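Any value given below was found using the heavy atoms of this structure, including those in side chains, with hydrogens, waters and symmetry copies removed. Bear in mind the structure is a predicted one, so any value in this text is a computation, not a measurement.
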Amino acid sequence: MHVGDACLSETFRQAISAAIQTKSITQIEVLNALTTVRRQTAIDEELGIAAKGSLRAFRVMLREQVLTANLLFDQEPNSAMLTLLKSSTLALRRAGSGRNRGRGHIRCRLLQGNEDITESDIDAFSKEIES
């Protein structure tokens, strides 16, 4: 299985592109509308103050952004593969570049066309795992 790049919707990207081309919005305004900068520093435990040289800044997406990625399969997934993918999708809660847990709280869904198939057949999978 290959996971494609997660992107904002095509319609939204086209609208932003058109707005930039007509100069009704700038790239910086788009960046600031969709993201913010978070800063963190390590604390020196002995002194109780910021450790020298430890201030870090990183850009993060604002909440409620919807990203979509295509899943490409080398072979047609069977029922067991899909059930495992669905349960893994439900278990995924964080993503990002954080050292241990990722920076972002996320909610993933599996769509087949316009149908949300994430939770279909999960009850049977749960019962099988419990036994």
Participant: Counting C-beta onward and ignoring hydrogens, is there a side-chain heavy-atom pair between Asp74 and His2 closer than 4.5 Å?
Facilitator: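 A side-chain contact exists here, since the closest heavy-atom pair is under 4.5 Å.
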Participant: Nearest 0.5 angstrom please: Ser87 OG to Glu119 CD, how far?
Facilitator: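 Between Ser87 OG and Glu119 CD, I get 11.5 Å after rounding to 0.5 Å.
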Participant: Rounded to the nearest 0.5 Å, what separates atom CE in Met81 from atom CD in Glu76?
Facilitator: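 Between atom CE of Met81 and atom CD of Glu76 there are 10.0 Å.
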Participant: Can you name the side-chain hydrogen bond (donor to acceptor under 3.5 Å, both in side chains) partners of Gln65, sequence neighbours left out?
Facilitator: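 Partners of Gln65 under the side-chain hydrogen bond (donor to acceptor under 3.5 Å, both in side chains) test: none.
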Participant: Under the side-chain hydrogen bond (donor to acceptor under 3.5 Å, both in side chains) rule, collect the residues that match up with Arg59, sequence neighbours excluded.
Facilitator: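 Here the qualifying residues are Thr35.
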Participant: Spell out, yes or no, whether Leu55 and Val37 are grouped together once hydrophobic residues are joined by side-chain heavy atoms under 4.5 Å, including indirect joins.
Facilitator: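 Different clusters: Leu55 never reaches Val37 through Ile, Leu, Val, Met, Phe, Trp or Tyr contacts under 4.5 Å.
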Participant: Test question: given the 4.5 Å side-chain rule for I, L, V, M, F, W and Y, name all other residues clustered with Leu31, or answer none.
Facilitator: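 Once heavy-atom contacts under 4.5 Å are chained together, Leu31 still belongs with nothing else.
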Participant: Could you list who else is in Leu8's hydrophobic cluster, with ILVMFWY side chains joined at under 4.5 Å, directly or through other members?
Facilitator: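 Its cluster partners, ordered by chain and number, are Phe12, Ile16, Ile20, Ile25, Val30, Leu34, Met61, Leu67.
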Participant: Quick one: name the residues clustered hydrophobically with Leu92, using the 4.5 Å side-chain heavy-atom rule over I, L, V, M, F, W, Y, and just say none if it's on its own.
Facilitator: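 Ile106, all in the cluster of Leu92.
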Participant: Decide if atom CZ of Arg13 counts as having more than 12 heavy atoms of other residues, nucleotides or ligands within a radius under 6.0 Å.
Facilitator: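 Yes, because the 6.0 Å sphere around CZ of Arg13 holds more than 12 heavy atoms from other groups.
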Participant: If you count every heavy atom of other residues, nucleotides or ligands that lies below 6.0 Å from Asp5 atom CG, does the total exceed 12?
Facilitator: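 Not more than 12 within 6.0 Å, no.
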Participant: Go through the structure and list residues passing side chain to side chain contact (heavy atoms under 4.5 Å, CB included) with Thr26, not counting sequence neighbours.
Facilitator: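 Thr26: side chain to side chain contact (heavy atoms under 4.5 Å, CB included) contacts with Ile28, Glu29.
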Participant: Can you list everything that forms a side-chain hydrogen bond (donor to acceptor under 3.5 Å, both in side chains) with Thr89? Sequence neighbours excluded, please.
Facilitator: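 If we apply the side-chain hydrogen bond (donor to acceptor under 3.5 Å, both in side chains) test to Thr89, skipping adjacent residues, there are no hits.
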Participant: According to side chain to side chain contact (heavy atoms under 4.5 Å, CB included), who are the partners of Gln112, at least two apart in sequence or on a separate chain?
Facilitator: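 Applying side chain to side chain contact (heavy atoms under 4.5 Å, CB included) to Gln112 gives Ile117.
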Participant: Would you check if there is a donor-acceptor pair between the side chains of Ser9 and Thr11 at a distance under 3.5 Å?
Facilitator: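 There is no such pair (donor and acceptor under 3.5 Å, judged by atom type) between the side chains of Thr11 and Ser9.
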Participant: Check the surroundings of atom CD in Glu45: do more than 12 heavy atoms from other residues, nucleotides or ligands lie under 6.0 Å from it?
Facilitator: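 No, not enclosed.
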Participant: Could you work out, with side chain to side chain contact (heavy atoms under 4.5 Å, CB included) as the rule, every residue matching Ala42, not counting sequence neighbours?
Facilitator: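 Ala42 satisfies side chain to side chain contact (heavy atoms under 4.5 Å, CB included) with Ala51, Ser54 once adjacent residues are dropped.
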Participant: Of all residues at least two apart in sequence or in a different chain, which pass the side-chain hydrogen bond (donor to acceptor under 3.5 Å, both in side chains) check with Asp116?
Facilitator: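 With sequence neighbours excluded, Asp116 shows a side-chain hydrogen bond (donor to acceptor under 3.5 Å, both in side chains) to Arg109, Thr118, given in chain and number order.
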Participant: Can you name the nearest heavy-atom pair linking Gly48 to Ile43, along with the distance?
Facilitator: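 Where Gly48 meets Ile43 most closely, the heavy atoms are C-CG2, 3.9 Å.
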Participant: Share the residues that join Leu62 in a hydrophobic cluster, the rule being Ile, Leu, Val, Met, Phe, Trp or Tyr side chains under 4.5 Å apart at the heavy-atom level.
Facilitator: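 For Leu62, no cluster forms, as it stays isolated from other hydrophobic side chains.
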Participant: side-chain contact (heavy atoms from CB on, under 4.5 Å) between Leu71 and Leu110: does it pass, once the steps are laid out?
Facilitator: CA-CA 9 Å; Leu71 301 180; Leu110 287 174; 3.7 Å; yes
Participant: Who are the side chain to side chain contact (heavy atoms under 4.5 Å, CB included) partners of Ala33, not counting sequence neighbours?
Facilitator: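 Per chain and number, Ala33 pairs via side chain to side chain contact (heavy atoms under 4.5 Å, CB included) with no residue.
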Participant: Please find the pair of heavy atoms, one from Gly4 and one from Ala69, that lie closest to each other, and give the distance.
Facilitator: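 Closest approach of Gly4 to Ala69: O-CB, 3.4 Å.
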